[in-house]
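The structure under discussion appears below in the form of structure tokens.
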Number of protein chains: 2
Amino acid sequence: MASPHQTRMRAVTLQDIADRCGVTKMTVSRALHGDTRNVSMETSARIKAVALELGYDPSFNHAARRLALRKCGQDVVNHLVAMFFPSGFQQWPYYTTIFGGMLEVFMPEKFSLLTHYTSFAERASENALPPVFMRGDVDGAIISRSSAHTQWICERLRATAFAERPIVSVITPVEGCSAVLIEAELSGYLAANHLLDLGHRHIIHMEAANPPHDQRMCGICRAYEERGLDPHAHLVYAQWFFDDENATVEAMDAALTAYPRSTAIIAANDRTAVLARDLAHRRGMRVPDDLSLVGFDDVTPMPDALGHNMLTTVRLPLQEVGQQAARLLLQHIRGHRRDIEQITLPVNLIERGSTAPPRV
Amino acid sequence: MASPHQTRMRAVTLQDIADRCGVTKMTVSRALHGDTRNVSMETSARIKAVALELGYDPSFNHAARRLALRKCGQDVVNHLVAMFFPSGFQQWPYYTTIFGGMLEVFMPEKFSLLTHYTSFAERASENALPPVFMRGDVDGAIISRSSAHTQWICERLRATAFAERPIVSVITPVEGCSAVLIEAELSGYLAANHLLDLGHRHIIHMEAANPPHDQRMCGICRAYEERGLDPHAHLVYAQWFFDDENATVEAMDAALTAYPRSTAIIAANDRTAVLARDLAHRRGMRVPDDLSLVGFDDVTPMPDALGHNMLTTVRLPLQEVGQQAARLLLQHIRGHRRDIEQITLPVNLIERGSTAPPRV
DNA sequence: TTGTAAGCGTTATCAG
DNA sequence: CTGATAACGCTTACAA
């Protein structure tokens, strides 16, 4: 259809089309915008045909459009979105799975996704955000961080030309933003309920102090209480360190030593469960015979001797989280949704070999 | 220093500053560009002070600048770069490690990095690239693909407003582009040399048909030839499938069955080595007693029973590959380098427990 | 050393 | 239904 782009020297402009059609560029602008009330069907068709023939690309002169539209304070869709993830996120399947889900939705829609991570060091500095944000090139953002961080990022964004554009939060809710969450309380319940069903009572729970882990904690307690058991008499809390595996392992080790009656560990995530298994082996314990393990996420396998994943875990639909967050953001950007929305996605327990009844 | 941004309603323009200083916006433009020959030191200082006070942000009115500069065919730096990776790259530590290295360089320089992956399906379609590319918002690209794919991507990019902007290739060289490579031939040599040193002779080599695996192959042969051995009499080639682990495992299985004298496998990468270990176990073989394994990359561990990485592997400096590619691209973008450059980074063998002398 | 004029490509507004 | 005009904010070229 389109003629070979013989000359890439100069971009095709509205004026070029207007010249060929014997009209003014204003009419061309109207026709190409699908203005049926102010342009005759006939000329409109002619203009569109010429535009196609010349290979007019509206996105090419985006800069001019934005400049013109600024006069009346209108926003243009730039087809550019950003995600704010913790530094080092690319190493964690947890985040890359969400990332992958987002890409799956954005790419077919021709939205480009840029990555911005924030370390604590950067947060401390008074650095401005990169130019793309300052100049308002970014249509929307997806954000996933601890609450202290999200607050800071939102403030930074709002202070740029990003202004009041949509932000969607994943996993952790952020005030005033749409969010895609998971059933955090239920995830804790499912893990604990499974272990209690098997007969475990004394359980070590690795957790972080902030959401969604604190909700997970509530679910764990609920499972105990449903059985008339006092969670505080049976549960042991061991701290989980977000970015320090050694510290996490030491905390587990200390807990196992201090509470030798423990027969199971609810780990902060799959990766931590694998660390727990390794620790157990070093202590001469076998999984699941001496110690049952439950993970969260279902993104990191715990391979047995034959390479099969043996980790009982609470699966979080992380890929779908990414997809839904992307869809939600697109709805906001395109103006199809103005109210903020919170989507909560279901979790489910996947029973594999790392849990078994305790040996009495 | 800067006054609190009291009004975010309207952006500060050159005219605003000019009004406050009693000069024209032209003088302001010159002063802010550091033009010392055409502006008196005095007015220049005054203007800069007012600009700071008003919180003038050059990046805010980027659109106007680009529009003006287009007249004389100049390029503006947009502080936006793209990377083209295979679809699903976010699941592979190999790519995310490179990705991480790139981010480490780009982020402090305030360059935003966007992700674009290309599946074969997309390649087949005649889809245009996303608007950010079409309109020339992207300053440069880093590309990592099989050769057939890179060619296609480059053509696509050149056909947009991206035009002749710099492209840096990683791992695989691309004609006419700067590249960051690794010592592919040497990596094969190191793997084979290590096994031959241990006394292995009959080795299965998992490989892909394209670079850099074919160079790796040359290195493997060199190790044989240095010992006066005919590689073709000892080496078994088994195909490695880029995106199909089951097929890869089947190929390994078939090779082990067809060539029972084999005592070692040179796997396509760490991940494949782990698959080989699992396969070996299923066949009742022990690693390294019955089968030695060498991987490549050093990004995926092969954990032993205690969780320690036992995989002997040829380490590729993937993070540094990402960093160097980013640095190279920045040099090109900033005009500090016009000639194309090929950097080759060193590899080294890391001996761990998955290799041992063959049991005779 | 500074000011003036014109234009980058688009769009809103008003006139015909 | 269509055209003319001005403006978005900036930069180059030329004039003072």
Side-chain angles (χ1 to χ4, degrees), chain A residues 9-19 21-47 51 54-78 131 134-137 161, chain B residues 9-19 21-47 51 54-78 131 134-137 161:
Chain A
M9 301 290 88
R10 209 173 65 86
V12 181
T13 73
L14 293 185
Q15 188 65 59
D16 297 334
I17 302 172
D19 292 345
C21 293
V23 295
T24 66
K25 58 183 177 180
M26 202 49 240
T27 310
V28 176
S29 174
R30 280 194 270 252
L32 262 35
H33 275 256
D35 186 341
T36 51
R37 295 154 40 110
N38 294 314
V39 185
S40 75
M41 292 263 284
E42 194 184 11
T43 46
S44 182
R46 192 159 40 105
I47 287 170
L54 262 47
Y56 177 75
D57 180 1
S59 66
F60 193 93
N61 293 312
H62 190 78
R65 186 167 301 109
R66 284 186 60 179
L67 195 55
L69 251 24
R70 182 173 295 178
K71 185 162 39 173
C72 46
Q74 275 197 48
D75 257 0
V76 201
V77 175
N78 297 296
M134 299 310 290
R135 71 172 102 115
D137 269 7
Chain B
M9 302 289 88
R10 209 174 66 84
V12 181
T13 73
L14 292 185
Q15 189 65 58
D16 297 334
I17 302 171
D19 292 344
C21 293
V23 295
T24 68
K25 59 182 178 182
M26 202 48 243
T27 310
V28 177
S29 173
R30 281 194 270 251
L32 262 35
H33 276 255
D35 185 341
T36 51
R37 295 154 41 109
N38 295 314
V39 185
S40 74
M41 293 264 284
E42 193 183 13
T43 46
S44 181
R46 192 158 41 104
I47 286 169
L54 261 47
Y56 177 75
D57 180 1
S59 67
F60 193 93
N61 292 313
H62 189 78
R65 187 167 299 108
R66 283 186 60 179
L67 196 55
L69 251 26
R70 181 172 298 179
K71 184 162 40 173
C72 44
Q74 277 198 47
D75 257 1
V76 201
V77 175
N78 297 297
M134 299 310 291
R135 70 172 101 116
D137 269 7

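Because the structure is a prediction, the values reported are computed rather than measured. The chains referred to below are lettered A, B, ... by the order of the sequence lines, with proteins before strands, and numbering in each begins at 1.
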Worksheet item: Any side-chain N or O of A:Tyr56 less than 4.0 Å from the OP1 or OP2 oxygen of C:dG9?
Response: no
Worksheet item: Are B:Val28 and B:Val23 close enough that some pair of their side-chain heavy atoms sits under 4.5 Å apart?
Response: yes
Discussion item. If you compare every side-chain N and O of B:Arg65 against the phosphate oxygens of D:dT11 (OP1, OP2), does one of them come in below 4.0 Å?
Written reply: yes
Fill in: Partner set under side-chain hydrogen bond (donor to acceptor under 3.5 Å, both in side chains) for B:Thr36, not counting sequence neighbours
none
Item to complete: May I ask you to verify if any side-chain N or O of A:Thr27 is less than 4.0 angstrom from the OP1 or OP2 atom of D:dC1?
Response: no
Check: protein-nucleotides 5-8 of chain C nitrogen or oxygen pairs below 3.5 Å:
unit_1	atom_1	unit_2	atom_2	d
C:dG7	N3	B:Lys71	NZ	3.3
C:dC8	O2	B:Leu67	O	3.3
C:dC8	O2	B:Ala68	N	3.1

Worksheet, complete the sentence: Separation of C:dT10 atom C1' from A:Gln74 atom CD, nearest Å, is 12 Å
Worksheet item: Which distance, rounded to the nearest 0.5 Å, do you find between the OG1 of A:Thr13 and the CZ of A:Phe60?
Response: 10.5 Å
Practice prompt. List in numerical order all residues of residues 37-46 of chain A for which some heavy atom is under 4.0 Å away from an atom belonging to DNA chain C.
Written response: none
Worksheet entry | Given D:dG3, C:dT10, C:dG3, the nucleotide with the shortest approach to the side chain of B:Val23 | C:dG3
Discussion item. Applying salt bridge (Lys or Arg N to Asp or Glu O under 4.0 Å) as the test, list every pair that has at least one member in residues 22-37 of chain A; sequence neighbours left out.
Written reply: none
Worksheet, complete the sentence: Heavy-atom closest pair (B:Leu32 atom, B:Ala51 atom, distance to 0.1 Å) is CD1-CB, 4.2 Å
Worksheet item: Among all residues two or more places apart in sequence or in another chain, which pass the side-chain hydrogen bond (donor to acceptor under 3.5 Å, both in side chains) test with B:Ser44?
Response: none
Worksheet item: Does any pair with a residue in residues 58-68 of chain A pass salt bridge (Lys or Arg N to Asp or Glu O under 4.0 Å), and if so which ones, sequence neighbours excluded?
Response: A:Arg66-A:Asp137
Item to complete: Mark yes or no for a side-chain to base donor-acceptor pair under 3.5 Å between B:Arg66 and D:dG9, with no hydrogen or angle criteria applied.
Response: no
Fill in: Axis-to-axis angle between the two ends of the helix from C:dT1-D:dA16 to C:dG16-D:dC1 (five base pairs per end, rounded to 10 degrees)
50°
Discussion item. I need the CG-P distance between A:Asp75 and D:dC8, as an integer number of Å.
Written reply: 18 Å
Worksheet item: Can a side chain N or O of B:Gln15 be found less than 4.0 Å away from OP1 or OP2 on D:dC10?
Response: no
Worksheet item: Got a sec, which residues hit side-chain contact (heavy atoms from CB on, under 4.5 Å) with A:Leu67, two or more places apart in sequence or on another chain?
Response: B:Ala64, B:Leu67
Worksheet item: With respect to the phosphate group of C:dT2, does any side-chain polar atom (N or O) of B:Thr24 fall under 4.0 Å of OP1 or OP2?
Response: no
Fill in: Length of the line joining A:Asp35:CG and D:dG3:C1', which is rounded to integer Å
14 Å
Fill in: Rounded distance in Å - CG (B:Asn61) to C1' (D:dA7)
14 Å
Fill in: Which residues share a salt bridge (Lys or Arg N to Asp or Glu O under 4.0 Å) with A:Asp16, sequence neighbours left out
A:Arg10
Practice prompt. Could you tell me which residues satisfy salt bridge (Lys or Arg N to Asp or Glu O under 4.0 Å) with B:Asp75, sequence neighbours excluded, listed by chain and number?
Written response: B:Arg165
Item to complete: Could you check how far CZ of B:Arg30 sits from C1' of C:dG3, rounded to whole Å?
Response: 8 Å
Worksheet, complete the sentence: note: A:Arg135, atom CZ; D:dC10, atom C1'; distance rounded to Å ~ 15 Å
Fill in: Euclidean distance, atom CD1 of residue B:Ile17 to atom P of C:dG3 [Å, nearest integer]
14 Å
Worksheet item: Residues two or more places apart in sequence or in another chain: which of them pass side-chain hydrogen bond (donor to acceptor under 3.5 Å, both in side chains) with A:Asn61?
Response: B:Arg70
Worksheet entry | B:Gln74: side-chain hydrogen bond (donor to acceptor under 3.5 Å, both in side chains) partners, not counting sequence neighbours | none
Discussion item. Could you tell me how far apart B:Leu32 (CG) and D:dT12 (P) are, to the nearest whole angstrom?
Written reply: 14 Å
